Amino acid sequence: MLTAKFIQENKEFVIERLLVKFFKAEEIITKVIEQDNYRKEIQTKLDVNLTQQNSIAKEIGLLFQTGKIDEANKAKEKTAILKEESKELSVQFTKAEKDLQDLLVQIPNLPHESVPHGKTTEENLCIKENGTMPVFTYEAIPHWELAKKYDIIDFELGNKLTGAGFPVYKGKGAKLQRALINFFLDEAEQAGYAEVQPPILVNADSGFGTGQLPDKEGQMYHCGIDNLYLIPTAEVPVTNIYRDVILNTSTFSIKNCAYTPCFRREAGSYGSDVRGLNRLHQFDKVEIVRVEHPANSYTALEEMVKHVEGLLHKLELPYRILRLCGGDMSFTSALTYDFEVFSAAQKRWLEVSSVSNFESYQSNRLKLRFKDEKTKKTQLAHTLNGSALALPRIVASLLENNQTAEGIKIPKALQKYTGFDIIK
RNA sequence: GGAAAGAUGGCAGAGUGGUCGAAUGCGGCGGUCUUGAAAACCGUUGAUCUUCACGGGUCCGGGGGUUCGAAUCCCUCUCUUUCCGCCA
């Protein structure tokens with residue numbers, strides 16, 4: 001979230017920038033400023049009161065030590081009123097802080113200046129399209145039929161075990177999953193990302209840190225007995241590694257990668273675009289996460305984009321890169337690039353990665369800071385993350401685009417991981 | 001699941017209800033010495049809110065209470081560790 005201080009100092013700028021996200025901020029910004037001023041006012045009153053109490057308490061201590069019991073008892077009476085007042089003030093202060101917090105979490109992150117204006121997915125800016133589009137002399141078969149034909153993914157079996165959106169990968173299908181995970185992890189490692197294997201259940205503090213809570217509570221699976229959440233992305237546990245941490249400037253850049261299954265309730269999604277692998281409740285993903293000095297975060301973002309692009313290139317999939325417009329961006333992001341691969345049978349682009357710079361928006365919630373060596377002051381770091389990559393739609397696209405009369409061809413880069421070059 | 005112990009600054013670890021934001025050690029930073037380094041020695045070193053500043057407030061796991069005054073006493077919650085049981 002944004003800090004009250006930043007809003008105080010950049011009121012007009014904040015309002016203007018948020019319009020790019022179609023967020024009318026004028027009213028809430030005014031409230032934030034009022035609330036912040038009120039908070040300060042209460043705090044000042046409380047401070048003065050406590051100062052008085054402290055000094056009287058010290059006096060009493062001295063009086064007792066010097067044996068002036070009567071005077072001490074007299075002084076005690078003075079504190080009664082002060083105590084009463086401070087109790088009242090501190091209740092007000094706690095409420096004032098909470099009310100301010102409640103306002104701040106409602107304000108989205110400011111979009112970067114390069115974010116295109118626009119409201120819908122059609123207005124995202126395609127900055128690159130690359131790779132050869134698949135050509136078929138016959139009607140290409142959709143991946144859910146291919147999966148059945150070669151018996152590599154069993155959707156019905158998943159229904160039996162769990163429910164819709166939990167497929168069972170079998171034989172070469174399972175091997176393909178494992179191959180992709182290893183391929184993505186190896187590539188990330190080569191690019192300097194240190195692998196971590198985090199828990200896939202997290203507590204509420206972690207959920208709040210990266211912004212899933214409180215707003216997106218309904219999107220996560222919740223284990224009520226232990227009050228833990230199944231992660232919707234590795235971003236949550238990996239970024240939260242750095243919650244409540246003060247870094248040294250020298251520790252930048254922090255680069256982590258992690259493979260985890262991801263769980264999403266996807267409440268409210270329906271229709272033909274959820275068929276097959278297009279939208280699952282459980283899927284596998286390799287995530288890259290970075291913590292950066294504010295001055296370097298956009299360079300880091302470009303590096304991440306290059307990395308993801310390299311993966312798609314090696315997988316020989318036709319892809320395009322979109323810079324999301326204000327209306328399509330997430331609440332917490334300052335700049336997001338989406339990667340889509342073309343899928344031959346569905347004849348549409350499928351999102352396989354989303355790479356974002358959150359600037360200090362997550363850091364402020366996470367209390368992730370660093371000590372500036374020159375000013376000796378702590379300031380918020382920048383966080384970034386991106387999928388590199390999410391598996392299901394990659395698999396969908398591989399199956400559909402690489403189908404031949406003989407079987408499904410495996411791209412060269414993947415063959416040493418699969419151990420086979422065709423699924424038949 | 002049963003039993004016990006514990007939670008203090010980056011880490012380790014003291015702490016009598018009053019002068020404790022907190023000893024000490026390690027680590028970090030700066031310096032002296034040195035051709036350089038190490039060692040030794042000296043100094044310095046928490047976070048946060050508020051204020052132009054001086055200053056002031058808050059924080060010893062979270063919350064509540066007792067008291068003029070709480071790291072220290074009481075209640076409660078959470079978490080951690082150890083032992084036993086079960087077990088990948």
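Worth saying up front: this structure is predicted, and the values here are computed from it rather than measured. Residue numbering restarts at 1 for every chain, and letters A, B, ... go by the order of the sequence lines.
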Please report, rounded to the nearest Å, how far the C1' atom of B:rC68 is from the CD atom of A:Glu85. 16 Å
A:Glu400 versus A:His143, side-chain donor and acceptor atoms under 3.5 Å: yes
Relative to the 5' end of RNA chain B, which residue comes earlier, A:Ile60 or A:Lys40, by the nucleotide with the nearest heavy atom? A:Lys40
Nearest-angstrom distance, P atom, B:rG27 to B:rU81: 28 Å
Starting at atom NZ of A:Lys45, determine the distance to atom P of B:rU51, rounded to an integer number of angstrom. 15 Å
Separation between the C1' atoms of B:rC73 and B:rU66, rounded to whole Å: 8 Å
More than 12 non-hydrogen atoms from neighbouring residues, nucleotides or ligands closer than 6.0 Å to CD on A:Glu113, yes or no? no
Can you measure A:Leu368 atom CG to B:rU48 atom P for me and round it to whole angstrom units? 13 Å
In whole Å, I'd like the distance from the CG atom of A:Asp244 to the C1' atom of B:rG10. 14 Å
Is there a donor-acceptor contact under 3.5 Å linking the side chains of A:Gln101 and A:Glu97? no
Check every strand shown and say whether A:Leu50 touches a base, only sugar-phosphate, or nothing at a heavy-atom separation below 4.0 Å. sugar-phosphate
Considering only heavy side-chain atoms of A:Lys87, the closest of B:rU50, B:rG65, B:rU58 is B:rG65
With side chain to side chain contact (heavy atoms under 4.5 Å, CB included) as the test, pick out the partner of A:Val308 among A:Val352, A:Ile321, A:Val355. A:Val355
What I want to find out is whether A:Glu340 reaches A:Arg393 closely enough, with some N-O distance under 4.0 Å, to be called a salt bridge. no
Among B:rG69, B:rA47, B:rG57, the one nearest any side-chain atom of A:Gln43 is B:rG57
Atom-to-atom span, CD of A:Glu97 to C1' of B:rU50 - whole angstrom: 12 Å
Taking only the side-chain heavy atoms of A:Ile246 (C-beta and beyond), determine which of B:rA47, B:rG57, B:rU50 contains the nearest atom. B:rA47
Does a nitrogen or oxygen in the side chain of A:Asn54 sit under 4.0 Å from OP1 or OP2 of B:rG57? yes
In whole Å, measure the gap between the C1' atoms of B:rC60 and B:rG15 for me. 11 Å
Looking only at atom C1', what distance separates B:rG17 and B:rA22, rounded to whole Å? 15 Å
Please determine, for B:rC73, whether a Watson-Crick or G-U wobble partner exists with both distances under 3.5 Å, and give it or none. B:rG65
Phosphate oxygens OP1/OP2 of B:rU50: is one of them under 4.0 Å from a side-chain N or O of A:Arg39? yes
Take atom C1' in B:rC87 and the same atom in B:rA5, then report the distance between them in whole Å. 25 Å
Expressed in whole Å, how much space separates the P atoms belonging to B:rU16 and B:rA71? 13 Å
Would you mind reading off the distance between A:Leu82 atom CG and B:rG57 atom P, rounded to a whole angstrom? 14 Å
Can you tell me the distance, in whole Å, between the CD atom of A:Gln53 and the C1' atom of B:rU67? 12 Å
For B:rA23, give its Watson-Crick or G-U wobble partner with both distances under 3.5 Å, or none. none
Can we call the ring centroids of A:Tyr319 and A:His313 under 6.0 Å apart? no
With a cut-off of less than 4.0 Å, is there a side-chain N or O of A:Thr378 near OP1 or OP2 of B:rU48? yes
Nearest-nucleotide check on RNA chain B, A:Ile56 vs A:Phe93; residue mapping nearer the 5' end is A:Phe93
Can you check the A:Arg369 CZ to B:rG46 C1' distance for me, whole Å? 11 Å
Report the base-pairing partner of B:rG17 (Watson-Crick or G-U wobble, both distances below 3.5 angstrom), or none. none
Suppose we define a pair by two distances each less than 3.5 Å, Watson-Crick or G-U wobble; what does B:rC86 pair with here? none
With the side chain defined as heavy atoms from C-beta on, A:Asp47 is closest, among B:rU48, B:rG57, B:rC49, to B:rG57
What's A:Lys5 touching, base or sugar-phosphate or nothing? Going by heavy atoms closer than 4.0 Å. nothing
Which base, if any, makes a Watson-Crick or G-U wobble pair with B:rG36, both distances under 3.5 Å? none
Do A:Thr210 and A:Gln362 get their side chains close enough for a donor-acceptor pair, meaning under 3.5 Å? no
Out of B:rU48, B:rG18, B:rG46, which has the shortest distance to the side chain of A:Ala57? B:rG18
Is there a side-chain contact between A:Lys58 and the phosphate of B:rC68, meaning an N or O under 4.0 Å from OP1 or OP2? no
For B:rA7, which nucleotide in any strand shown is its Watson-Crick or wobble partner with both distances under 3.5 Å? B:rU78
Pick the P atom in B:rC41 and in B:rC26, then give their distance to the nearest Å. 9 Å
Take atom CD in A:Glu41; do more than 12 heavy atoms of anything else shown fall under 6.0 Å from it? yes
Of the options B:rU50, B:rG56, B:rU58, whose atoms approach the side-chain atoms of A:Thr51 most closely? B:rG56
Does B:rA47 have OP1 or OP2 under 4.0 Å away from a side-chain N or O of A:Lys377? no
Who does B:rC41 pair with, Watson-Crick or G-U, both distances under 3.5 Å? B:rG31
Among B:rU51, B:rG18, B:rG69, the nucleotide that comes nearest once only the side chain of A:Lys83 is considered: B:rG69
Take atom C1' in B:rG9 and the same atom in B:rA47, then report the distance between them in whole Å. 9 Å
